[in-house]
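In what follows, a structure is listed as structure tokens, so that the remarks can point back to it.
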Amino acid sequence: MTIDVADRRPEPRVDNQDPALFGQTPSQTVGPFFHYGLPWKGGADLVGQSDMGARPELFPEAHYVLNQSSPTGTPVGAVIELTGRVLDGQGAPVPDAMIEIWQADAAGRYAGEPGSDPHFVGFGRAATAEDGSYRFRTILPGAIGAGHAPHVALSVFGRGLIKRLATRLYFDGQAGNEADPVLSAVPVERRATLIATASGDGVWTLDIALQGERETVFFDL
Amino acid sequence: MSYAREDAGAPPSLFPDYGSTRTRAPLQPPLRVPQTRTETTGPAGWDRLMGPSLADLTTQHGGVPQGQRIIVTGRVLDEDGRAVPDTVMEIWQANAAGRYIHGKDQWDAPHDPNFTGAGRVVTDAEGRYRFVTVRPGAYPWGNHRNAWRPAHIHLSLLGPAFATRLVTQLYFPDDPLIEIDPIANAVPMPYRQRMVARFDMDVTEPNWALGYRFDVVLKGREQTPFEEDDHDH
Ligand SMILES: [Fe+2]
């Protein structure tokens with residue numbers, strides 16, 4: 001018996017569809033050229049309508065196909081700025097990294113949870129600038145429960161980062177830092193790599209060292 | 001509830017053949033910490049964030065882009081085989097000549113005014129997605145002498161939680177560059193083959209486009225001793 005020519009199929013390869021290989025899709029780097037595909041205008045502004053977060057100067061305007069702003073309304077809470085630099089193992093700024101944040105609203109509820117602030121998306125994305133800096137405008141998160149300290153979850157992506165690096169940003173001097181179940185799992189001598197310092201006007205600064213003496217603590221989630 | 005840790009197919013952060021990892025990969029082992037609601041929740045409402053779906057990368061400009069039109073489709077699943085519905089997949093890639101629209105891409109292959117190479121799709125209730133694009137070209141890079149990246153499409157998924165965030169690359173079958181590419185090779189065999197799409201005649205459409213099938217598998221849910229009861233919500 002022969003198969004009709006229109007019904008013939010190539011032999012299956014050992015590939016994505018092989019049931020014997022079924023499991024987590026492996027991570028790969030974002031590479032250096034993600035700016036026209038990922039960080040949209042407004043992605044780093046969780047409070048207002050600015051175009052923070054994108055790097056539209058890196059490609060022609062006609063090829064900007066991402067969102068134009070983060071339409072949020074005005075969330076409840078104290079407006080803050082999160083800023084810092086991403087640095088490599090030699091202390092050099094990383095101009096082609098991308099940071100994402102995920103955080104609770106002012107009452108400690110995540111977007112999608114019952115009673116969460118309808119004007120707060122909780123998620124932001126910012127490409128680093130040429131000097132390796134990132135900047136978000138957001139609100140000070142509330143504690144997510146008794147015993148937890150206010151914090152912001154961070155993801156770091158970039159050329160040379162095969163995997164997303166996950167960490168947290170805590171706020172210097174906040175009640176609960178000592179008891180927080182994640183921060184207290186970090187060796188005492190490395191905790192400072194997760195604690196942003198205040199510089200007045202609601203600006204909180206935390207550098208992210210990918211490697212080296214003050215290497216940021218990254219998590220195995 | 002918490003999410004599984006990475007499985008045996010996960011690449012290391014430091015892979016010296018990929019030169020940029022030498023000064024950028026953390027050298028300390030990642031610290032295992034308990035998962036809380038921070039890690040088990042995640043964003044939703046894609047139109048508010050990235051913008052509405054953009055599933056056809058060949059119709060974003062005045063004309064038809066150069067190159068081989070292709071359909072890429074599949075499902076987003078967790079590692080227990082459950083569909084991941086209503087999740088966004090962001091897509092970006094080089095054009096058919098292997099050139100990115102990015103200003104820092106210095107390779108002199110031609111730009112295509114009709115092709116940006118960026119899009120996004122949202123999975124349906126069964127976790128299915130589908131997009132139309134052109135097959136990207138291979139391109140040279142500076143990692144070592146005569147280094148060429150295999151043709152690939154960059155994919156970015158958030159999944160249901162902070163813990164399930166994934167950025168990966170889709171490769172094409174029978175591309176001889178995959179087995180000598182330091183980025184693909186950071187993933188050990190046989191798991192590297194999870195990133196190779198399957199050419200599929202049942203996705204291919206007559207007189208229109210070749211079809212490829214590619215499923216994305218995110219971390220699954222599990223009960224672990226690390227699970228933290230949170231009685232506040
Ligand atoms: Fe690429």
Side-chain angles (χ1 to χ4, degrees), chain A residues 9-10 13-17 21-38 40 58-59 63 65-67 71 88-90 102 110-113 121-123 144-146 153 155 157-165 181-182 185-186 210-211 215 217-221, chain B residues 5 7 9-11 13 15 20-21 23-24 26-28 30-34 37-39 41 43-44 48-51 54 60 79 90 92 100-103 105 116 118 156 162-163 165-169 173 183 186-187 190-191 193-198 201 213-217 219 230 232:
Chain A
R9 299 290 181 264
R13 310 289 207 269
V14 178
D15 61 16
N16 176 273
Q17 296 290 299
L21 285 184
F22 186 85
Q24 295 171 14
T25 306
S27 180
Q28 296 272 269
T29 177
V30 292
F33 302 138
F34 56 83
H35 297 92
Y36 68 96
L38 292 179
W40 71 93
L58 291 175
F59 54 94
H63 291 283
V65 298
L66 306 176
N67 215 355
D88 73 10
Q90 288 154 355
W102 173 239
Y110 284 98
E113 290 183 333
V121 293
F123 180 80
I144 63 167
S155 295
F157 304 86
R159 175 174 65 83
L161 301 183
I162 298 175
K163 295 192 281 196
R164 176 272 291 259
L165 301 177
V182 171
V186 175
L210 301 176
Q211 194 188 80
E215 183 176 309
V217 172
F218 298 105
F219 301 147
D220 173 19
L221 291 180
Chain B
R5 266 64 181 195
D7 74 11
S13 283
F15 192 72
S20 305
T21 69
T23 54
R24 293 185 170 190
L27 300 181
Q28 302 283 343
L31 184 73
R32 181 160 290 202
V33 292
R37 278 176 24 253
T38 304
E39 288 75 32
T41 57
R48 294 174 77 193
L49 294 171
M50 295 83 177
L54 204 59
Q60 291 174 349
E79 62 188 295
E90 296 167 278
W92 75 105
Y100 284 96
I101 200 66
H102 198 284
D105 182 0
T116 296
S156 170
F162 180 78
R165 185 78 174 92
L166 175 71
V167 174
T168 188
Q169 299 182 23
I183 294 179
V187 177
Y191 309 105
Q193 299 302 112
R194 288 177 179 169
M195 302 185 292
V196 178
R198 178 169 293 187
M201 278 303 293
R213 194 168 283 284
F214 190 84
D215 294 339
V216 177
V217 181
K219 289 175 176 178
D230 196 318
D232 298 296

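A quick note: this is a predicted structure, and the numbers were derived from the prediction, not measured. So you know, we letter chains A, B, ... as the sequences are listed, proteins then strands, and number each from 1.
Interface residue B/Thr41: backbone and side-chain heavy atoms are both found under 4.5 Å from chain A. Both the backbone and the side chain of B/Glu79 come within contact range of chain A, each with at least one heavy atom under 4.5 Å from a heavy atom of that chain. For B/Gln169, the parts lying under 4.5 angstrom from a heavy atom of chain A are both the backbone and the side chain. If you measure heavy-atom distances from B/Leu166 to chain A, the contacts under 4.5 Å come from the side chain alone. B/Leu54 touches chain A through its side chain: at least one heavy atom from C-beta onward sits under 4.5 Å away, while N, CA, C and O do not. Using a 4.5 Å cut-off between heavy atoms, B/Ala197 contacts chain A through its backbone alone, with no side-chain atom that close. For A/Leu38, the parts lying near chain B are the backbone and the side chain together; criterion is any non-hydrogen pair under 4.5 Å.
Using modelled atom types, one side-chain atom of A/Glu215 and one backbone atom of B/Leu27 make a donor-acceptor pair closer than 3.5 Å. Using a distance-only test at 3.5 Å, with no hydrogens or angles considered, no donor-acceptor pair links the side chain of B/Thr23 to the main chain of A/Gly89. The backbone N or O of A/Arg13 sits less than 3.5 Å from a side-chain atom of B/Arg198, completing a donor-acceptor pair. Without hydrogens or angle criteria, A/Asn16 side chain to B/Arg194 main chain gives a donor-acceptor distance under 3.5 Å. At least one donor-acceptor pair under 3.5 Å links the side chain of A/Gln24 to the backbone N or O of B/Arg5. Checked by atom type and distance alone, the side chain of B/Gln193 pairs as donor or acceptor with a backbone atom of A/Val14 at under 3.5 Å. Under the 3.5 Å distance criterion, the side-chain polar atoms of A/Asn67 are matched with a main-chain donor or acceptor of B/Leu49.
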Could you give me the CA-CA distance, side-chain angles and deciding distance for B/Ser13 and A/Leu165, then say whether side-chain contact (heavy atoms from CB on, under 4.5 Å) is met?
CA-CA 9 Å; B/Ser13 283; A/Leu165 301 177; 4.1 Å; yes
Would you check, one step at a time, whether the test side-chain contact (heavy atoms from CB on, under 4.5 Å) holds for A/Phe22 with B/Asp215?
CA-CA 10 Å; A/Phe22 186 85; B/Asp215 294 339; 5.9 Å; no
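Going from atom CZ of B/Phe15 over to atom NZ of A/Lys163 covers 12.5 Å, rounded to the nearest 0.5 Å. Atom CZ of A/Phe123 and atom CE of B/Met50 lie 5.0 Å apart (nearest 0.5 Å).
Each of A/Leu210, A/Val186, A/Asp15, A/Asp88 has some count of heavy-atom pairs under 4.5 Å with chain B, and the biggest count is that of A/Asp15. Listed options A/Phe34, A/Trp102, A/Phe59 were ranked by heavy-atom pairs under 4.5 angstrom with chain B; first place goes to A/Trp102. With respect to chain B, the highest number of heavy-atom pairs below 4.5 Å among A/Arg9, A/His35, A/Gln28 belongs to A/Gln28. With chain B as the partner, the residue from A/Phe218, A/Tyr110, A/Phe157 showing the most heavy-atom pairs under 4.5 Å is A/Tyr110. Options B/Ala44, B/Gly51, B/Pro26, B/Gly9 differ in how many heavy-atom pairs under 4.5 Å they form with chain A, and the most are formed by B/Pro26. Counting heavy-atom pairs closer than 4.5 Å to chain B, the top-ranked of the candidates A/Pro26, A/Gly37, A/Gly122 is A/Pro26. Of the listed residues (B/Val196, B/Val216, B/Val187, B/Thr116), the one with the most heavy-atom contacts under 4.5 Å to chain A is B/Thr116. Note: A/Ser27 leads A/Pro10, A/Ser27, A/Gly158, A/Ala111 in heavy-atom pairs under 4.5 Å with chain B.
Looking at every heavy atom in both residues, A/Gly23 comes nearest to B/Val217 through O-CB, 3.1 Å. Taking every heavy atom of both residues into account, B/Glu39 and A/Leu221 meet most closely at CG-CD2, 3.7 Å. Considering all non-hydrogen atoms of both residues, B/Pro34 and A/Pro181 come closest at CG-O, 3.8 Å. For the residue pair B/Val33 and A/Ala185, the shortest heavy atom distance occurs at CG1-CB, 4.3 Å. Between B/Arg24 and A/Arg159, the shortest heavy-atom contact is NH1-O, 2.7 Å. Closest of all the heavy-atom pairs between B/Pro11 and A/Ile162 is CG-CG2, 3.5 Å.
With a 4.5 Å cut-off on side-chain heavy atoms, A/Tyr36 and B/Tyr100 count as touching. Side-chain contact between A/Val30 and B/Ser156 is absent, with no heavy atoms from C-beta onward closer than 4.5 Å. Side-chain contact between A/Leu66 and B/Glu90 is absent, with no heavy-atom pair separated by less than 4.5 Å.
For the 3.5 Å distance criterion, the side chains of B/Arg165 and A/Ser155 fail to qualify, holding no donor opposite an acceptor.
Under the 6.0 Å distance and 45° angle rule, A/Arg164 counts as a cation-pi partner of B/Phe162.
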